[in-house]
Amino acid sequence: MFARTRYIAWAMQFYGKVPYDLATSGIPYVTWSELGLPAPDVDDPGAFAALRSAIARYNDVSPAEVVPALGTSQAIFLAYAAMLSPGDELLVETPGYEPLTRAAEGLGVTVRTFERRADEGYRVAPERVAAAMGPRTRAIVVTSLHNPTGVRVGDDAIRELASVAEARGAHVLVDEVYAPFDALPEDGVFRTSARKLAPNVVAVSSLTKCYGLGMYRVGWVLGPEEIVERAEAAAIATFGHAPLAHASYGSAVLGAVGPLSSRAKALLAGKREIAERWVASLPGARWSAPEDGLFGLVTLPGRGDLLSSIEARAREAGVLVGAGTFFGAPESFRLSWASCDAARFAEGLRLLAPLASR
Ligand SMILES: Cc1ncc(COP(=O)(O)O)c(C=O)c1O
């Protein structure tokens with residue numbers, strides 16, 4: 001059975017409801033009229049194939065490696081359904097994004113974790129993952145950029161994970177929904193999918209986080225033939241196919257990724273530096289120092305679980321950050337500079353500062 005995802009329940013209670021939102025983890029939504037695209041033909045069944053091709057073009061892979069999905073969320077479900085059977089085991093990073101665990105548990109899979117440690121800069125340590133592998137481990141799961149720290153997993157680390165997995169006939173799943181942030185593709189092609197790094201790497205992603213297109217739910221699984229086949233079987237068995245309008249609008253908006261990359265860059269400019277200076281000004285605070293992206297993880301060592309203080313700041317000062325509690329890092333919070341412009345972000349940080357001194 002699928003247990004409630006505590007993080008999403010909490011996010012729905014608070015996100016978008018405060019004047020200073022330093023919690024939301026995606027570029028603000030763009031409206032259809034802002035996109036300025038011609039209306040697609042929503043009756044053309046050819047849109048299903050067109051969407052698959054457009055996703056392949058965007059990711060610079062072949063259409064045979066693509067399974068379209070409703071956002072990264074459904075892509076995770078389909079990839080898990082393709083890689084795992086009840087009683088199998090999955091190894092996932094901690095701190096981590098809770099749905100990666102809940103979706104696996106719901107499929108009857110045993111979830112075990114490996115640490116991405118603060119004192120190692122939250123890198124993925126393949127040797128630690130190798131030591132945690134068991135006879136029934138069928139998949140190793142990482143996010144890159146890492147949610148909640150924003151730290152990238154290097155290509156070499158993914159290749160090492162792939163060879164650890166390969167020795168046991170397992171797969172590596174890379175959730176790369178935040179990956180394009182290091183080089184937002186102004187020509188509309190994301191060239192560095194982890195899918196290309198080794199045959200047993202499966203990648204999941206969407207247009208949600210980088211481009212403001214989350215409401216279109218354009219997501220995908222990229223994988224080798226056997227995974228594509230099983231993910232398609234899982235799709236057919238669980239929802240048949242997505243609405244035709246998903247495919248029509250999905251292929252249309254994929255054509256807007258270039259200009260939306262420029263928009264995202266302009267929205268992010270200069271804000272990571274503001275965050276860095278602010279963290280440096282807080283006595284005793286540490287942060288994950290991500291190279292790019294739109295959030296980092298700030299830690300207040302020795303403060304215990306920050307959840308109630310975070311909620312109090314939201315109520316009293318109207319400023320919200322993502323509680324680390326829901327990511328397995330209770331002394332930390334995810335600080336995002338996605339939503340507010342630079343001046344509002346700086347003001348939000350000023351209002352947030354008492355959190356560090358309570
Ligand atoms: C790591 C990660 N994967 C997947 C998702 C869900 O993405 P989507 O909106 O495309 O379903 C999120 C959303 O916060 C996320 O942080």
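Counting convention: from 1, in listed order, for ligands and their atoms alike.
Counting protein heavy atoms only, atom 7 (O) of ligand 1 is closest to Thr72 CB, 3.5 Å. Remark: minimum distance from atom 15 (C) of ligand 1 to any protein heavy atom is reached at Tyr97 CZ, 3.4 Å. Counting protein heavy atoms only, atom 11 (O) of ligand 1 is closest to Ser73 OG, 2.6 Å. For atom 2 (C) of ligand 1, the closest non-hydrogen atom on the protein side is Asp175 OD2, 3.3 Å.
At most 12 heavy atoms of other shown residues, nucleotides or ligands fall within 6.0 angstrom of atom CD in Glu291.
At a 4.0 Å cut-off, not a single heavy atom of Gln74 sits close enough to ligand 1 to count as contact.
For Trp10 and Phe326, the gap between ring centers is short of 6.0 Å. Residues Tyr20 and Phe345 keep their aromatic ring centres 6.0 Å or farther apart.
Within the listing of ligand 1, atoms 10 (O) sit less than 4.0 angstrom from a heavy atom of Ser206. Taking every heavy atom of Arg217 and a limit of under 4.0 angstrom, the matching atoms of ligand 1 come to 8 (P), 9 (O), 10 (O), 11 (O). Atoms of ligand 1 lying under 4.0 Å from any heavy atom of Gly71, numbered from 1 in the order shown and given with element: 10 (O), 11 (O). Annotation for ligand 1: atoms under 4.0 Å from non-hydrogen atoms of Thr208 are 8 (P), 9 (O), 10 (O).
Side-chain N or O atoms of Glu93 include one that pairs as donor or acceptor with a backbone N or O of Thr143 at under 3.5 Å.
Side-chain contact, Asn147 with Arg334: a donor N or O sits under 3.5 Å from an acceptor N or O. With no hydrogens or angles considered, a side-chain donor-acceptor pair links Ser206 and Thr72 at under 3.5 Å.
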Practice item. Please assess Glu89 against Thr110 for the test side chain to side chain donor-acceptor pair (under 3.5 Å), listing each intermediate value before the final yes or no. Key: CA-CA 5 Å; Glu89 193 176 277; Thr110 302; 5.7 Å; no

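Of the listed residues (Lys209, Glu98, Glu176), the one carrying the non-hydrogen atom nearest atom 14 (O) of ligand 1 is Lys209.
In terms of polar-atom proximity, Tyr178 is counted as a contact of ligand 1, with an N or O under 3.5 Å from an N or O of the ligand.
Using a 4.5 Å heavy-atom cutoff, the side chains of Ser144 and Arg152 are in contact.
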